[in-house]
Each structure stands twice: as structure tokens, then as C-alpha cells.
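Here the structure is laid out as C-alpha cells; the discussion comes afterwards.
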Amino acid sequence: MAVAFQFFINGVVYGTWATNILHIRRSFGLSEFGLSIVFLTMGAAAVLIMSLTGYLVQIFGSRRISILSCLFFPAALCFVFVAPNHIALLVGVGLFGAANGSMDVSMNDQGTNLGKRGSDPVISLLHGFSSIGALAGSLLSYWWIGRGYHPLVQAIALLVGTLMLSWRLFPHLDLDADRSRISLELGALGNGRLILLGFLSFLTMMSDGAIADWSTIYLEDYWPTSPQTAVLGYLAFAVFMIVGRISGDRIGSVIGDRAMIAISGGLMSAGMTIALSIPFFAAALAGFSLLGIGMANLVPIIFRNASEVVPDGLGTAFVSVCGYSGFLVGPPIIGGAAGAVGLNKALLIVSAVGATLAYASVLFQGRKRPPASR
């Protein structure tokens, strides 16, 4: 529950950010290029901190790092929503990205350690808690926006709730008893399979960042919707990502990683194409739903494989850095392409990524893992 709580809080806070980007755009009068600078700053801070977190975990243990980052993450969101000018906004999103990056590495290391000690695979389930959190944050924003409340109050409530629950749960996190055995083995990062997993992580999280940062803007700009209704696209995406992640470990144990990657990539490509090409709002929501199912288990599978290739948190840290490099360049690339051809055509990049991932499934193990016992 302690590890799941961290994934949940991560999802709630990021879901709150994603569904309030329209508020940020209006408050500061940002163009698509201006939003790209905001996303670039957040992604750059995340990549910088994630590059260091894997080594800090080796020295201090993922328990300490994950606790600090989990508390700092909602605090940074409060700063973003209270920022008085553009410079303060960039500082705020930089701190927000740094906290998210550090939390991503450390909580995934906690989840990997938990999975190694048990008989059941749990990493997809834990990422499912992140998706549940994203849904909860999105629903809260939907209710909040409909009543005209300022998102700062929502962020403060998240910070207070995290502080109230953390003192009961965080003592149960992994103690990292073996952290004194520091074996960085930098040469292992040259492993060809790890580099491949890093590239796939880059593509997947690039697309995830594009949906989180541009979905509400796409629906508001290309459909006659209110800011509250525009949130429904990300809501649909989050709901069906939960469905996919809750069932992901069980299904994956039966059909194997190769089939899971192939099916997930296909659904991802089809979902984005439907959302962009069929001229009905209901079809757009259906497309985002398929997209959520398709993307649900890609990151958990990639992270689990990386932890097997290079253990002790370094494999997870490497693919996390690659993934957040996708967050770094993905949203600005979408923004730049949108300025040239329109946001609806720029988002076709996500469809192409899904097809690429489906093709890359041949590089994963085809054997089936033993079904998880309950």
C-alpha cells in the first residue's frame, strides 16, 4: 500500500496538471510556441534530475529519495498555480518536472524491489494506481473547473492530503537494506538490449506526454467544447489506461511480452487515428479510450525488462531518463509541427509511434511467463 500510494499520488498530481493546462494558457496568454517552452522547461528539469537520481538511490536508498520527491511534487504544483509572471512560471514548472523525474525513478525502484520479493508480478498493477490517480485528479479538476474555482486550492488540498497520509504509510517502504553495495557498472549501460528498451521508452513516453499536454487543447481548439468538456478526452484516456493496467499483469502472464507489445502498439495507433479522423466528438472520446488501453502496459513492460537487464535501479533509471527525454522533446515537437500543419495533423506522430512499437514487438521474448498466483 505504501508503494501504491506513491504511484497514486504521482498520478493525481500529474492528472491535475494535465487538466489545468488550459488555465495556464489563458492566465499567461501563451501561444502554442509559448506552451512548448513551458513543456521544454519541465522536461529538461526532469531529465537532469533523473540522470542523478539513479546514483542517489544507490547511495541513500530509494526510500528516502521517493519520500522527499513525493512530498515535493504537489508542493511544486502549488507554486506553478501561484506564479505571478512568466519567469516564476518557468521556475515552477522546472521544480515540478524535477520532482516528477526524481519520483519516477525512486518509486519504480521501490516497485521493482517489491516485485522481486513476491510471487506475483506487480509493476503493471502499481502503474495502474498511477492511472487511477490520474483519473482522480482529472475528475477533481472537471468538478473544480465546472464551479469556477482556482486550481491552486485543488493543489493545496493534494499537498495537505499527501502529508496527512504519508506519515502512516511511508514507514512501510523498502528499507533498501543492500544499498551499501554500490555497484554502478557503467559499462552495463552500453548493453544493446538496454539501449533498445531506452529507445522504446523514449517513444512511449513522448506519446504519453503529447496526450497529457495537448489532448485538452486539441479538443477545445478543434471541437465546439467548453474547457470543462475538453477535459473529457484525458478522462477517457485515464479511465481505460486503468482498465489496461489492472488486467495487464494477468494477461501478460498468459500471452507474453511480445504479444502484449504488438497488441498495445496496434491499439495505440488505431485509437489516435480514430480520435483525429472521425468527425464526431463521441468518436474522439472512443479514440482516446483505445489509446489509453494501448499505452497502458508499454511502460511497465519496458521498465520490468530494463530492471532484468541491469539491476539495482540503474536499468530503471536509464529507461526513465530515455523516457523523460521523450517528455522533453515530444510536446515541443508536437507544438512545432502544430504551428506548421495544425495540431490535428501533428498528433498523427502518436499514431506512427504506435505502429513502430507494434513492429518492435518481434524483439521481445515470445515465451509465456507463468501465470501469477493469487
*For Ser247 and Val243, indicate whether the former's side chain and the latter's backbone hold a donor-acceptor pair under 3.5 Å.*
yes
_Any donor-acceptor pair under 3.5 Å linking the side-chain atoms of Ser269 with those of Ser351?_
no
*Below 4.5 Å, heavy atoms only, C-beta onward: do Ile217 and Leu35 meet side chain to side chain?*
yes
*Cluster question for you: counting only ILVMFWY and a side-chain heavy-atom cut-off of under 4.5 Å, with indirect links fine, are Leu347 and Phe280 together?*
yes
*If you group Ile, Leu, Val, Met, Phe, Trp and Tyr by side-chain heavy-atom gaps below 4.5 Å, do Trp143 and Leu139 land in one group?*
no
*More than 12 heavy atoms of other residues, nucleotides or ligands under 6.0 Å from CZ of Phe28: is that the case?*
yes
_Using only atom types and a distance under 3.5 Å, with no angle test, would you say the side chain of Thr19 pairs donor to acceptor with the backbone of Gly15?_
yes
*Supply the atom-to-atom distance Asn20 CG to Ser27 OG, rounded to the nearest 0.5 angstrom.*
9.5 Å
*For the residue pair Ile333 and Ile349, what are the closest heavy atoms and their distance?*
CG2-CD1, 4.1 Å
*Distance-only, no hydrogens or angles: does the Tyr222 side chain make a donor-acceptor pair with backbone N or O of Leu343 under 3.5 Å?*
yes
*Under 30°, 30 to 60°, or over 60°: which ring-plane class applies to Phe237 and Tyr234, parallel, tilted or perpendicular?*
tilted
*Consider only side-chain N and O atoms of Ser264 and Asn297, and report whether a donor and an acceptor are under 3.5 Å apart.*
no
*Is the closest side-chain heavy-atom distance between Leu173 and Gln6 below 4.5 Å?*
yes
*State plainly whether one hydrophobic cluster holds both Val160 and Ile9, where clusters connect Ile, Leu, Val, Met, Phe, Trp and Tyr through side-chain heavy atoms under 4.5 angstrom apart.*
yes
*asked:* Do Leu56 and Val105 have side chains that approach each other closer than 4.5 Å (heavy atoms only, starting at C-beta)?
replied: no
*Backbone N/O of Arg250 and side chain of Ser253: donor-acceptor pair under 3.5 Å*: yes
*Mind checking the CD1-CD1 spacing from Ile251 to Ile246? Nearest 0.5 Å is all I need.*
11.5 Å
*Considering only heavy atoms from C-beta outward, does the side chain of Val299 approach that of Met205 to under 4.5 Å?*
yes
_Nearest 0.5 Å, please: how far is CG in Leu90 from OG1 in Thr41?_
4.5 Å
*State the OG-CG distance between Ser207 and Leu291, to the nearest 0.5 angstrom.*
8.0 Å
*Would a 4.5 Å heavy-atom cut-off, applied to side chains only, mark Arg304 and Ile301 as touching?*
yes
*Test item: Ser201 and Phe303 side chains (from C-beta on) under 4.5 Å apart, heavy atoms*: yes
*Same apolar cluster: Phe81 and Leu163, side chain cutoff 4.5 Å*: yes
*Arg245 to Phe129 six-membered ring, cation-pi geometry met (6.0 Å, 45°)*: no
*Check the pair Thr16 / Gln154 against side chain to side chain contact (heavy atoms under 4.5 Å, CB included), numbers first and verdict last.*
CA-CA 8 Å; Thr16 301; Gln154 181 181 348; 3.2 Å; yes
*Find the distance between CD1 (Ile334) and OH (Tyr218) and round it off to the nearest 0.5 Å.*
12.5 Å
*Answer whether the closest heavy-atom distance between the side chains of Arg193 and Phe364 falls below 4.5 Å.*
yes
_Steps toward side chain to side chain contact (heavy atoms under 4.5 Å, CB included) verdict (Arg168, Met1)_ = CA-CA 10 Å; Arg168 293 293 302 271; Met1 288 301 299; over 6 Å; no
*How long is the gap from CG on Leu285 to CG on Leu290, to the nearest 0.5 Å?*
11.5 Å
*What are the two closest heavy atoms between Ala284 and Leu219, and how far apart are they?*
CB-CD2, 4.2 Å
*Are Tyr149 and Trp17 connected in the hydrophobic side-chain network, where two residues link if heavy atoms are under 4.5 Å apart?*
no
*asked:* What I'd like to find out is whether the side chain of Thr204 reaches to under 4.5 Å of the side chain of Val353, using heavy atoms alone.
replied: no
*Which atom names give the shortest non-hydrogen contact between Trp223 and Ile278, and what distance separates them?*
CH2-O, 3.7 Å
*With under 30° as parallel and over 60° as perpendicular, where do the rings of Phe39 and Trp214 fit, or are they tilted in between?*
perpendicular
_Show, in sequence, the C-alpha distance, side-chain angles and deciding distance for Arg25 and Asp221, and conclude whether the salt bridge (Lys or Arg N to Asp or Glu O under 4.0 Å) test is met._
CA-CA 13 Å; Arg25 182 169 75 163; Asp221 288 353; 3.4 Å; yes
*Check the side chains of Asp104 and Asn10 for a donor-acceptor pair under 3.5 angstrom, ignoring hydrogens and angles.*
no
*Minimum heavy-atom distance between Arg63 and Gln110, given as atom pair plus value*: N-NE2, 3.3 Å
*asked:* Please check if the number of heavy atoms outside Phe79 that lie under 6.0 Å from its CZ is greater than 12.
replied: yes
*Considering all heavy atoms of both residues, which atom of Thr216 and which atom of Val231 are nearest to each other, and what is their separation?*
CG2-CA, 3.9 Å
*Grab the two heavy atoms, one from Ile21 and one from Ala212, that are nearest each other, plus how far apart they are.*
CD1-O, 3.8 Å
*Please test Ser66 against Met103 for side chain to side chain contact (heavy atoms under 4.5 Å, CB included), starting from the C-alpha separation and ending with a verdict.*
CA-CA 5 Å; Ser66 61; Met103 190 177 181; 5.9 Å; no
*Worked check of side chain to side chain contact (heavy atoms under 4.5 Å, CB included) between Ser166 and Cys70*: CA-CA 9 Å; Ser166 62; Cys70 186; over 6 Å; no
*Identify which one of Leu158, Leu152, Leu159 satisfies the side-chain contact (heavy atoms from CB on, under 4.5 Å) criterion when paired with Ile156.*
Leu152
